[in-house]
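One structure is given here, and the rest of the page talks about it.
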Amino acid sequence: MTDAPKRTPLYDLHVALGGKMVDFAGWEMPVQYPMGIMGEHKQCREKAALFDVSHMGQVILRGDNVGEKLEALCPQAFATLKEGKARYGFFTNDDGGIMDDLIVSNAGDHYFVVVNAALRHQDIPHMKAHLDGVEVTEIFDRALVAVQGPAAENVVGDLCPAAREMTFMETILADIDGVECRISRLGYTGEDGYEISIPEADAERITRLFLAHDDCEPAGLGARDSLRLEAGLCLYGNDIDQSTSPIEASLAWAIQKRRKEEGGFPGAARIQKELAEGAAKKLVGIKPSGRAPARQHVEIQCADGNTIGEITSGCFGPTVGGPVAMGYVAAPHGKPGEQVKLIIRGKPHDAEITALPFVTQNYKR
């Protein structure tokens, strides 16, 4: 017997707006609306798009020295994360693989953590088991929406002027039409924007206020995936997993200098060794020459025909105007400009390794 997919507080709104609903990580979510994935992608790059990300896990951590204790599970410097700031991070396992990626915010009297929908069942017990003296509370009565795009500041700022003053990776509590919401200036599309945690009872009403703005339209999972891929952002389960290290995934930038030097987190021996000597493989951007997208698990060959890796994510990039992909290649391959072959349905297709991201990230720093 299979459990029925869960629904977010915005399910009825998705249906009313014509969303095409699919089962995603055990949740009934919109993959697209009548505008279509291409139109929603363009809307986000040029104006503003609203995504329901309520399926992701929202967690509050309370207790003494939460940041210090989180450092025992993650390679990030959460002990020095200033109040009102957010930081991208990940749990690592003892082998140096990535258990999940997450956003951690210092909200003053607590830490606010957002984890992936499919891994909340793993992450919550993991934190409860290892954060001694920390109260771990998963929130089930709040929606989470992302307003992304160059017009996002106007969409959110017209309802909450304080949001205009925020910069990338800042978080505040502020009123939106009389409702206290947690507003964080971040997102996963490569565009400027916000993620807003809203009490469930007011979620649909507040979301409709955002959508009433002339520059804001709803967007689904399809556009979210092509936007994050063009922005060179990893998707857990595709580009990173329990076996890939942060160094292989080109995520060394997300580990602060002190943590790189001191270690003291799961898998530190492997990660510090790869920082010093390089990893056996690395994640790269790949641009196919033709129009055929290269999907996950497509084989990558070097010029002499030897297999050097495989694609982990691939799709048509509407802003790029052609297919884009990411994948792992063995060292010493992977320099931008290297010509490779992609074996799609048994036939070789020309492609070139490129620097990431495929589009300029437009964060307000």
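If you read the sequence from its start, that first residue is 1, and numbering goes on from there.
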Minimum heavy-atom distance Ala279-Glu248, with the two atoms named: CB-CG, 3.6 Å
Could [X] and [Y] be called an ion pair, given the rule that one side-chain N must be under 4.0 Å from one carboxylate O?
{"X": "Asp158", "Y": "Arg164", "answer": "yes"}
{"X": "Glu28", "Y": "Arg7", "answer": "yes"}
{"X": "Lys341", "Y": "Asp350", "answer": "yes"}
{"X": "Arg270", "Y": "Asp95", "answer": "no"}
{"X": "Glu274", "Y": "Lys282", "answer": "no"}
{"X": "Arg259", "Y": "Glu71", "answer": "yes"}

Would you indicate whether the side-chain heavy atoms of [Y] and [X] approach each other to under 4.5 Å?
{"X": "Ile198", "Y": "Val145", "value": "yes"}
{"X": "Asn65", "Y": "Val134", "value": "no"}
{"X": "Glu135", "Y": "His110", "value": "no"}
{"X": "His333", "Y": "Glu338", "value": "yes"}
{"X": "Met29", "Y": "Thr8", "value": "yes"}
{"X": "Thr92", "Y": "Cys74", "value": "no"}
{"X": "Phe51", "Y": "Cys44", "value": "yes"}
{"X": "His41", "Y": "Thr319", "value": "yes"}

Shared-cluster residues of Val340, by chain and number - hydrophobic side chains joined below 4.5 Å: Val284, Ile286, Val298, Ile300, Ile308, Ile311, Val329, Leu342, Ile344, Ile353
Apart from Met38 itself, residues in the same hydrophobic cluster as defined by side-chain heavy atoms under 4.5 Å: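 Cluster partners of Met38: Phe316.
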Sequence-distant partners of Ala86, side-chain contact (heavy atoms from CB on, under 4.5 Å), two or more places apart: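 By the side-chain contact (heavy atoms from CB on, under 4.5 Å) rule, Ala86 matches Ile103, Ser105, Met169, Leu186.
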Look only at the side chain of [X] and the backbone of [Y], and say whether a donor-acceptor pair between them is shorter than 3.5 Å.
{"X": "Tyr188", "Y": "Ala231", "result": "no"}
{"X": "Lys69", "Y": "Ala79", "result": "no"}
{"X": "Tyr194", "Y": "Gly187", "result": "no"}

Show me the side-chain donor-acceptor pairs of residues 13-22 shorter than 3.5 Å, one per line, residues at least two apart or across chains.
unit_1	atom_1	unit_2	atom_2	d
His14	ND1	Tyr33	OH	2.7
His14	NE2	Asp52	OD2	2.7

Just by distance, with hydrogens left out, do [X] and [Y] show a side-chain donor and acceptor under 3.5 Å apart?
{"X": "Thr312", "Y": "Asp239", "result": "yes"}
{"X": "Glu299", "Y": "Thr307", "result": "yes"}
{"X": "Ser313", "Y": "Arg228", "result": "yes"}
{"X": "Gln43", "Y": "Glu217", "result": "no"}
{"X": "Asn306", "Y": "Gln301", "result": "no"}
{"X": "Arg142", "Y": "Ser197", "result": "yes"}

Residue pair Leu70, Leu61: steps toward the side chain to side chain contact (heavy atoms under 4.5 Å, CB included) verdict: CA-CA 10 Å; Leu70 265 179; Leu61 306 180; 4.0 Å; yes
Give, for atom [atom1] of [X] and atom [atom2] of [Y], the distance between the pair rounded to the nearest 0.5 Å.
{"X": "Met56", "Y": "Leu102", "atom1": "CE", "atom2": "CG", "answer": "9.5 Å"}
{"X": "Met127", "Y": "Leu73", "atom1": "CE", "atom2": "CG", "answer": "8.5 Å"}
{"X": "Thr360", "Y": "Glu191", "atom1": "OG1", "atom2": "CD", "answer": "9.5 Å"}
{"X": "Gln361", "Y": "Glu230", "atom1": "CD", "atom2": "CD", "answer": "11.5 Å"}
{"X": "Ile98", "Y": "Thr244", "atom1": "CD1", "atom2": "OG1", "answer": "4.5 Å"}
{"X": "Leu275", "Y": "Ile255", "atom1": "CG", "atom2": "CD1", "answer": "6.0 Å"}

Same apolar cluster (I L V M F W Y, side chains within < 4.5 Å links), Phe90/Leu119: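 Result: yes, single cluster for both.
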Listed partners of Phe91 passing ring-ring contact (aromatic ring centres under 6.0 Å, His included), at least two apart: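 ring-ring contact (aromatic ring centres under 6.0 Å, His included) check on Phe91 returns His126.
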Salt bridge (charged side-chain N to carboxylate O under 4.0 Å, His left out): pairs with one or both residues in residues 166-186, sequence neighbours excluded: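 Every salt bridge (charged side-chain N to carboxylate O under 4.0 Å, His left out) pair that includes a residue of residues 166-186, provided the two are not neighbours, is Lys85-Glu170, Glu153-Arg185, Asp177-Arg205, Arg185-Asp192.
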Using a 6.0 Å cut-off, check whether atom [atom1] of [X] has over 12 heavy atoms from anything other than its own residue.
{"X": "Lys47", "atom1": "NZ", "value": "no"}
{"X": "Asp109", "atom1": "CG", "value": "yes"}
{"X": "Lys287", "atom1": "NZ", "value": "yes"}

Over-ring placement of Lys364 relative to Phe168, 6.0 Å and 45° cut-offs: no
ring-ring contact (aromatic ring centres under 6.0 Å, His included) evaluation trace for Trp253 with Tyr88: CA-CA 10 Å; Trp253 60 268; Tyr88 174 77; 5.7 Å; yes
